[in-house]
Amino acid sequence: MRKRFQKTEIILENPIKITKLAPTGQGISELPDGMKVFLWNALPGETVSRFLMTKRKAHFAEGIATEISEKSADRIEPRDTHFLSTSPWQIMVETYEKSAKEALLDELFEHELGIDNEVLLTESPDNYHYRNKMEYAFYYDLADEKIKLAVHERGSHRKVPITDSNIERKEIFEKATEIVNELNARNEEARKYQSMLLRCNQAGEVSGGLYENGKPHPVFPKLKDSLLGHEFSYSPNGFFQINIPVYELALKRIKELVPADAMKILDLYSGVGTIGLSVADGKDLTLVEVDKSAYAELEENAKEFPNAKPVLAKSEEVLDFITPDSVVILDPPRAGCDEKIIERLLEVHPKKIIYLSCNPITQARDVKMLMEKYAVKTVDAFNFFPRTPHVESLMSLE
């Protein structure tokens, strides 16, 4: 059995300087022995004199800065005490977050792809209270014998009780508090429940509820939201975008990138169909999704679109749908595209590829292979997850 690493407090006689931000969001520095260290709660230019080491490998270490002797002018007080668990970039001013995300993407795409398109980040209308989905853990407080809402400490299974939260929509936290109060009124035990999942649509309607240990997850009432004038139905515990206002801005941009004379669109990794159905405008549209519950939502959402054809399959198993006269839309999971899809795109040579990614690192890997026969025409970025290191990037290739 592998021995678990014991977190260790490190006090530095000679404080270390944070030189830059890692794509994963931590500040990067170097320990006196030359080992690289990646620290949460640390910004470039800051000097760290104490940190909690949470992981140590052969060539690098990770941790959390706990004492900063020289602070950045771009540092602010985080709104949440549990910010490291949910939104670790609450420590920086919002203008710095924007420039940091643009710089990280510029560096990644220039290094991996050799392109110098200056990336501009489309910002979120709201940088707080934007998440429309949240899953809470439960913490039993022995002092007052009450259940408390909780989140997991970053990098561990330890639960941190919370009394306020600024990253999810207010309706969600209000509903979560109401449910916890009901549990306490009934003298329930926290260990009976795995977690609580809640989701909220743009109208402020909340659906979701409790997951009990040892029982199947319940089926919650569906929610509806409108995107570019089309209504979509989705399950609270299924896949749907977290930040709807920003997602709608991305959809508008994708729609602009679809050529007016295109006759066929292929939407791979289509989920409940929000991209293809929003941008197809009556064109021949094929949507491929493998998850059965998402596919059921896709079928329902596609009923009002006579030119839409949903397909239940893995995207890499229906390669015949990739044809020379099609516009291919890719929105894969964080792991990126299956290599079979890349090979088929290079073989068949569709006229245009539009690639939206929640992980620019794997997107760069995939696009690097596609550049054997394609050129990157446009690069856009969208701040789907403000106050976190996460960003979504959109590329069009011809």
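Worth knowing before you read on, the calculation uses all heavy atoms, side chains too, and leaves out hydrogens, waters and symmetry mates. Sequence positions, counted from 1, serve as the residue numbers for this chain.
Hydrophobic clustering (side-chain heavy atoms under 4.5 Å, transitive across Ile, Leu, Val, Met, Phe, Trp, Tyr) keeps M369 apart from I354. Both I341 and I361 sit in one connected hydrophobic cluster of ILVMFWY residues. Membership requires side-chain heavy atoms under 4.5 Å apart, directly or through other members. Hydrophobic clustering places L277 together with Y295 (ILVMFWY residues linked when any side-chain heavy atoms are closer than 4.5 Å, directly or through intermediates).
Rounded to the nearest 0.5 Å, atoms CG (L330) and OG (S270) are 11.5 Å apart.
A side chain to side chain donor-acceptor pair (under 3.5 Å) check over residues 280-291, counting only residues at least two apart or in different chains, returns the pairs K255-D281, D291-S293. Judged as a side chain to side chain donor-acceptor pair (under 3.5 Å), the pairs with a partner in residues 303-322 (not counting sequence neighbours) are, in order, E300-K303. Pairs engaging residues 330-353 under the side chain to side chain donor-acceptor pair (under 3.5 Å) rule: K352-E398 [sequence neighbours left out].
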Set out, in order, the CA-CA distance, both residues' side-chain angles and the distance that settles side-chain contact (heavy atoms from CB on, under 4.5 Å) for I11 and F51, then state yes or no. CA-CA 7 Å; I11 301 172; F51 71 94; over 6 Å; no

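Using cut-offs of 30° and 60° for the angle between ring planes, the Y136 and F173 rings count as perpendicular. By the 30° and 60° cut-offs, the orientation of the rings of H217 relative to Y211 is parallel.
In this structure, R186 places its CZ atom where more than 12 heavy-atom neighbours from other residues, nucleotides or ligands lie under 6.0 Å away.
The shortest distance between side-chain heavy atoms of P350 and L345 falls below 4.5 Å.
Taking every heavy atom of both residues into account, H152 and S85 meet most closely at O-OG, 2.9 Å.
Under 4.0 Å is where a charged nitrogen must lie from a carboxylate oxygen, and between D141 and K146 no such pair does.
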